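Shown next, in structure tokens, is the structure this report addresses.
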2 protein chains.
Amino acid sequence: MASVTLKDVAKVAGVSYATVSRAVSGSPEISEETRRRILKICKEMGYTPNSIARSMVKRCTNILGLIVPSLNNPFMSELTADLEIYARNRGYNLMACNSSYDHDLELEVFSLLIGRQVDGVIMIPVGHEPYESLSALTKQVPTVFISENMQDYPENYVSVDNYRGMQIATEYLFSLGHRDILYFGARSDSKTHELRLDGYLSSCEKLGMTPHVLRSTYSRSSREVGYALAGEYFSRPHQETAILCSADMLAIGVKQAAYEAGIRIPKDVSLMGFDNISFSALPEIDLTTINQPTQQMATSAVDMLLDHIRDPEAERTNLILPPSLIERKSCRSVRA
Amino acid sequence: MASVTLKDVAKVAGVSYATVSRAVSGSPEISEETRRRILKICKEMGYTPNSIARSMVKRCTNILGLIVPSLNNPFMSELTADLEIYARNRGYNLMACNSSYDHDLELEVFSLLIGRQVDGVIMIPVGHEPYESLSALTKQVPTVFISENMQDYPENYVSVDNYRGMQIATEYLFSLGHRDILYFGARSDSKTHELRLDGYLSSCEKLGMTPHVLRSTYSRSSREVGYALAGEYFSRPHQETAILCSADMLAIGVKQAAYEAGIRIPKDVSLMGFDNISFSALPEIDLTTINQPTQQMATSAVDMLLDHIRDPEAERTNLILPPSLIERKSCRSVRA
DNA sequence: ACAAATAACGTAAACGTTTGCGTAAAACAA
DNA sequence: TTGTTTTACGCAAACGTTTACGTTATTTGT
């Protein structure tokens, strides 16, 4: 596994290894003739530049760290895929780490990535705890959040407009004739979910509806959480005609619980999600939801991060992308 | 962003930087007293070891490369998550790259990872092309495949027993009374899918059934592919009572097409998948399938790779894990 | 034709670690 | 005591690049 280095090539080519370096790195300080000759020798000898050594002297690794709560959630795995592909096209590799929805682990892998000398980190934060320890980390490396959780941080972030998204959802259900809408959400320690809830509440007020809110004690928006909480809900008396979930995965869990409780969707109750994961489009799920423009979020996050890396003094910019309604078959009109 | 180095710490502590190195790296050649003193100073100064520099001299990066066709497939994203978490617990970070089901890209990112000086790579190959260019790469870095595609390669691999898995599936459908089973699979240039098909064929022969095979021209086992191919199938006359798919995602696409064609599952036709992705457990999907022990595959792949890294001369070992039947509601008994 | 500018390449330092070797002091054995 | 081993540390080379600077040969300007 011993690899061939610049020196080996230089010896064969009969030049100094600085010249070889210039040949492979595309420096102008070299004649086209020798460049071609050296490049040919490189091919023959199977030379691959050692990016570790390069990182050493250039003081940048062209590696981006990614901290993501989970890859089991399709929203996040699709986002991760988009991030990786786009970053690679821009010359950066991604070092992805699962935080497993764990706050301490989140911080731990962050400093691990710093030790790895990543040029920047993209973080999808678990929630919003007192983050004094996080800001100590973000000070050490350019960071962008994909989330609205971090509004009180000086770092850039990109996100869908959660507040507006839930307004759109609420207004849509209202337009279908629903007047008793249950908001079904994850724990509120996250700004993201706070904004979604506020969007719902504001629309309720504007439209003259009484809000009904049911929230999980978990911050995790998983199918299991939705299933458990909805099972409890369905077992007790309830009069809401629609359930608005703060995440598609929650809605899918709700649907499962509804199914087992003999409640039909959308016949007995309408159901909405938020995220628009690909599975929501399945005819068996067919979930009306609010779309997050994941691809644009991914490219923008990378762009913003790279800008920040190139110019650390530049002002921070935030990007709030517009959500959109994806109308499917999980909601029915209850007009008289 | 200028970080504090060994020298900075050494200057403050009044020792040589070799001593500081020994303190932080846990060398025995140092007294407990000075170690504690230096470590305290490290904390105070916020010193983080530069792993790039360490990699430089130790000639290993503690980074593993991962090449995966797609993260949109839950089977692969769950596998990726398991790989990352387990690798990190063993002291390695993962650099994951999407090959996007593209053969050339697969090779391209492989050499990119080699340039990154990864200590090893885990690859979920797209298929099985004439891989003379791949073996040139695997010679340069320890590799393990998660797939049965690479049996003629000298590298280790870990996989579920695809052949046996499809036998189990076929026997199960037979036991329910099915005698006309359609095998619905991805393109055959992949050894994995060849083995699955062979498992089906062998069981057909053993049980005295005539095999019916329908194969996609795509190697990608996506919902879209299953949907398209099944749409075509349902639009023509057909008499099979069960459809056995080579992947859950295909089966989900088939289910969608069946739904739109007005064909009920399992009333009109039974449906089976292969993989046991988490979504198959949803009551709306409820797909009977063959389980792949992903977690064990992940840990074994990492273990095998690390063994290979520590002892490059060791003999290669392959690990074929047993599949198991997950019985759900997508198949019905057609006994008389 | 001669000075000045430029092009092409070599020299060597630097990036932040680890580690083999050397050495002085401390500990131990006799 | 003296000799030997051990402990704890410093010195300096090495890992494979990049790049500022120096130098020579060539080109350009007048």
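So you know, we letter chains A, B, ... as the sequences are listed, proteins then strands, and number each from 1. What you see is a predicted model, and the numbers here were worked out from it, not measured in a lab. What's counted below: heavy atoms across the whole structure, side chains too, no hydrogens, waters or symmetry copies.
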Quiz item: Which residue lies toward the 5' end of DNA chain C, B:A53 or B:E29, if each is placed at its nearest nucleotide?
Solution: B:A53

Quiz item: Contact class for A:S21 vs. all strands (heavy atom < 4.0 Å): base, sugar-phosphate, or nothing?
Solution: base

Practice problem: Could you check which of D:dT17, D:dC11, D:dA13 has an atom nearest any side-chain atom of B:Y17? | Solution: D:dA13

Quiz prompt | A:T299, A:I122, A:T317, A:I309 screened by side-chain contact (heavy atoms from CB on, under 4.5 Å) with A:M304, the one that passes | solution = A:T317

Quiz item: A:N50 CG to D:dA14 P: how many Å, rounded?
Solution: 18 Å

Quiz item: In whole angstroms, how far is the C1' atom of C:dT17 from the CZ atom of B:R22?
Solution: 12 Å

Quiz item: If you measure from CD1 on A:I146 to OG on A:S159, what distance do you get to the nearest 0.5 Å?
Solution: 9.5 Å

Quiz prompt | Under 3.5 Å side-chain donor-acceptor pair for B:R116 and A:N93 | solution = yes

Practice problem: Describe, as an angle rounded to 10 degrees, how the axis at the first end of the helix from C:dA1-D:dT30 to C:dA30-D:dT1 is tilted relative to the axis at the last end, five pairs per end. | Solution: 30°

Quiz item: B:K7 NZ to C:dT18 P: how many Å, rounded?
Solution: 13 Å

Self-check item: Closest listed nucleotide, where the reference is the side chain of B:T5 and the choices are C:dT18, C:dT17, D:dG16
Solution: C:dT17

Quiz item: Quick one: which of B:V109, B:N73, B:T80 gives a side-chain contact (heavy atoms from CB on, under 4.5 Å) with B:V68?
Solution: B:T80

Quiz item: Is there a donor on the side chain of A:R59 or the base of C:dG16 sitting less than 3.5 Å from an acceptor on the other?
Solution: no

Self-check item: Nearest-0.5 Å distance that lies between atom OG1 in A:T143 and atom NE2 in A:H308
Solution: 7.5 Å

Exercise. Rounded off to whole Å, could you give me the CZ-to-P distance for the B:R54 and C:dG16 pair?
Key: 15 Å

Quiz prompt | Any donor-acceptor pair under 3.5 Å from A:D119 side chain to A:N62 backbone | solution = yes

Quiz item: What residues in residues 30-43 of chain A put a non-hydrogen atom under 4.0 Å from any atom of DNA chain D?
Solution: none

Quiz item: What is the distance from NZ of B:K11 to P of C:dG16, rounded to the nearest Å?
Solution: 12 Å

Practice problem: Just grab all the salt bridge (charged side-chain N to carboxylate O under 4.0 Å, His left out) pairs involving residues 46-57 of chain A, residues at least two apart or on different chains. | Solution: none

Quiz prompt | Toward the 5' end of DNA chain D, by each residue's nearest nucleotide, B:V20 or A:L6 | solution = B:V20

Self-check item: From C:dC9, C:dC15, C:dT18, nucleotide with atom closest to B:K58 side chain
Solution: C:dT18

Exercise. Flag the pair A:E33 and A:R37 as a salt bridge only when some basic side-chain nitrogen lies within less than 4.0 angstrom of an acidic carboxylate oxygen.
Key: no

Quiz prompt | Atom pair distance, as rounded to whole Å: CZ in B:R116 and P in D:dG16 | solution = 18 Å

Quiz item: Is it the case that more than 12 heavy atoms not belonging to A:Y218 sit under 6.0 Å from its OH atom?
Solution: no

Quiz item: Just how far, in rounded Å, is C1' of D:dC15 from CD of B:Q117?
Solution: 11 Å

